[in-house]
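Reviewing the structure listed below.
A quick note: this is a predicted structure, and the numbers were derived from the prediction, not measured.
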Amino acid sequence: MDIAIITGSSSGLGRSYAKNLDLSQYDKVWLVARRREVLEEIASIDSKYEAVVLDIGNSEEVIAFENKIKESGVRIKLLINCAGMGKRGTLEGNEVKDTKATLDLNCTGLALMTRICIPYMMEGGGIINVSSSAAFLPQPGFNVYAASKSFVLNLSRALSYELKAKKINVTCVCSGPIATEFLKKALNDPNAEFTGIRAMCVADPDKLSVASIKANKRGRKVLVYGFMQKLLHVASKLVPTDLILWLETSVFKVNG
């Protein structure tokens, strides 16, 4: 069977990937996340969906996941690493467990999942790693998240060259704020909303998922999604980092 694997598929952008994937291209789509009930609800929409309960932030579970791949005898046509988390606050101000969970999920989990899947990927397949425009610069007040997404960006860029001989396209997706539950979880506030300059550039998850699937098929290594994020990307290359951080924290207060 030729399959697609989507992590973080129970909500947010991951759920949009599942919804907007062309199912005719796959025999099965494995929907990977921790919440069984939600996954099974989504999987009931189409017989090609299969719910796979797995905590990407748990290294032992991810390593054991290879057994399922072996036993199923599948070929992986597309891997979408979408599972991720972040907590706003200073490094000192955030709980140690939240810092560890962010790194375990965003960095270790993504890297292990990718490593495990690569040997079973078919030639001409693809990998989509969801990073963020936060990867371009350090972010006071969101430091571990931004650093973790920089890891995803640089890992993806390296992989795009390592896997070129296998004709596997690797695309790193860097967007700004997305209209999901992410901010509410990051702030532990069910009423949280984007404000100021961030509110002006919130991306629609359905449009973003469609754009990134197309970008991967076209062989794009990095998709910077959104006009404001493209400006930030250029600025991060041309403007001194300290000046940008001063503008963000002192003038625009986007990290406050």
Side-chain angles (χ1 to χ4, degrees), residues 7-8 10-14 33-34 54-62 80-115 128-159 172-178 180-190 192-198 201-203 222 224-226 228-229 232-233 235-236 240-250 252-256:
T7 72
S10 62
S11 62
L13 182 59
R34 293 178 300 170
L54 174 65
D55 182 0
I56 302 297
N58 185 316
S59 297
E60 292 182 358
E61 285 190 29
V62 176
I80 302 178
N81 284 308
C82 192
M85 67 167 288
K87 292 291 182 181
R88 281 201 176 277
T90 64
L91 185 61
E92 182 183 13
N94 279 333
E95 296 285 342
V96 172
K97 63 179 179 63
D98 289 334
T99 299
K100 182 180 184 301
T102 299
L103 295 173
D104 286 345
L105 182 57
N106 295 3
C107 300
T108 305
L110 181 145
L112 288 178
M113 189 71 173
T114 306
R115 167 60 185 85
I128 297 175
N129 289 330
V130 177
S131 180
S132 165
S133 60
F136 305 149
L137 290 162
Q139 285 198 7
F142 212 11
N143 45 66
V144 174
Y145 175 78
S148 72
K149 290 305 184 178
S150 181
F151 171 89
V152 174
L153 175 59
N154 286 306
L155 176 68
S156 301
R157 281 174 160 163
L159 281 174
C172 187
V173 179
C174 298
S175 77
I178 307 172
T180 66
E181 298 297 305
F182 180 85
L183 182 66
K184 293 177 174 58
K185 294 178 181 178
L187 294 174
N188 290 323
D189 181 358
E193 294 182 358
F194 292 109
T195 59
I197 194 170
R198 290 189 184 277
C201 50
V202 177
V222 179
V224 181
Y225 188 84
M228 294 297 291
Q229 313 317 313
L232 177 62
H233 190 215
S236 70
T241 299
D242 280 345
L243 176 57
I244 295 178
L245 294 182
W246 178 80
L247 287 170
E248 284 188 338
T249 57
S250 301
F252 297 116
K253 300 185 184 300
V254 295
N255 294 300

**Fill in**
Those residues at least two apart in sequence (or on a different chain) that pass side chain to side chain donor-acceptor pair (under 3.5 Å) with N94 are none
**Item:** Pairing residues for S133 by the side chain to side chain donor-acceptor pair (under 3.5 Å) criterion, not counting sequence neighbours
**Value:** Q229
Any idea which heavy atoms bring [X] and [Y] closest together, and the distance?
| X | Y | answer |
| --- | --- | --- |
| L105 | G57 | CD1-N, 3.7 Å |
| C174 | V222 | SG-CG1, 4.3 Å |
| G8 | A83 | N-CB, 3.7 Å |
| L91 | N143 | N-ND2, 3.4 Å |
| L245 | P138 | CD2-O, 3.0 Å |
| A134 | A146 | O-CB, 3.5 Å |

**Asked** Is a side-chain N or O of S148 found less than 3.5 angstrom from the main chain of Y145, in a donor-acceptor match?
**Response** yes
**Request:** Report yes or no: does T102 contribute a side-chain atom to a donor-acceptor pair with the main-chain N or O of G86 at less than 3.5 Å?
**Result:** no
**Message:** Tell me every residue that passes side chain to side chain contact (heavy atoms under 4.5 Å, CB included) with S175, counting only those two or more places apart in sequence or in another chain.
**Reply:** I178, L208, Y225
So, taking the atom named [atom1] in [X] and the one named [atom2] in [Y], what distance separates them when rounded to the nearest 0.5 Å?
| X | Y | atom1 | atom2 | value |
| --- | --- | --- | --- | --- |
| T108 | K100 | OG1 | NZ | 8.0 Å |
| D55 | T7 | CG | OG1 | 11.0 Å |
| N154 | L159 | CG | CG | 11.0 Å |
| I56 | M113 | CD1 | CE | 4.5 Å |
| N129 | T114 | CG | OG1 | 5.0 Å |
| M85 | D104 | CE | CG | 9.5 Å |

**Asked** Can L232 and L137 be said to form a side-chain contact (heavy atoms from CB on, under 4.5 Å), step by step?
**Response** CA-CA 9 Å; L232 177 62; L137 290 162; 3.7 Å; yes
So do [Y] and [X] actually touch side chain to side chain, heavy atoms under 4.5 Å?
| X | Y | result |
| --- | --- | --- |
| L110 | L155 | yes |
| V130 | V152 | no |
| F151 | N106 | no |

**CA sep, side-chain torsions, deciding dist, call: V173, L13, side-chain contact (heavy atoms from CB on, under 4.5 Å)** = CA-CA 11 Å; V173 179; L13 182 59; 5.6 Å; no
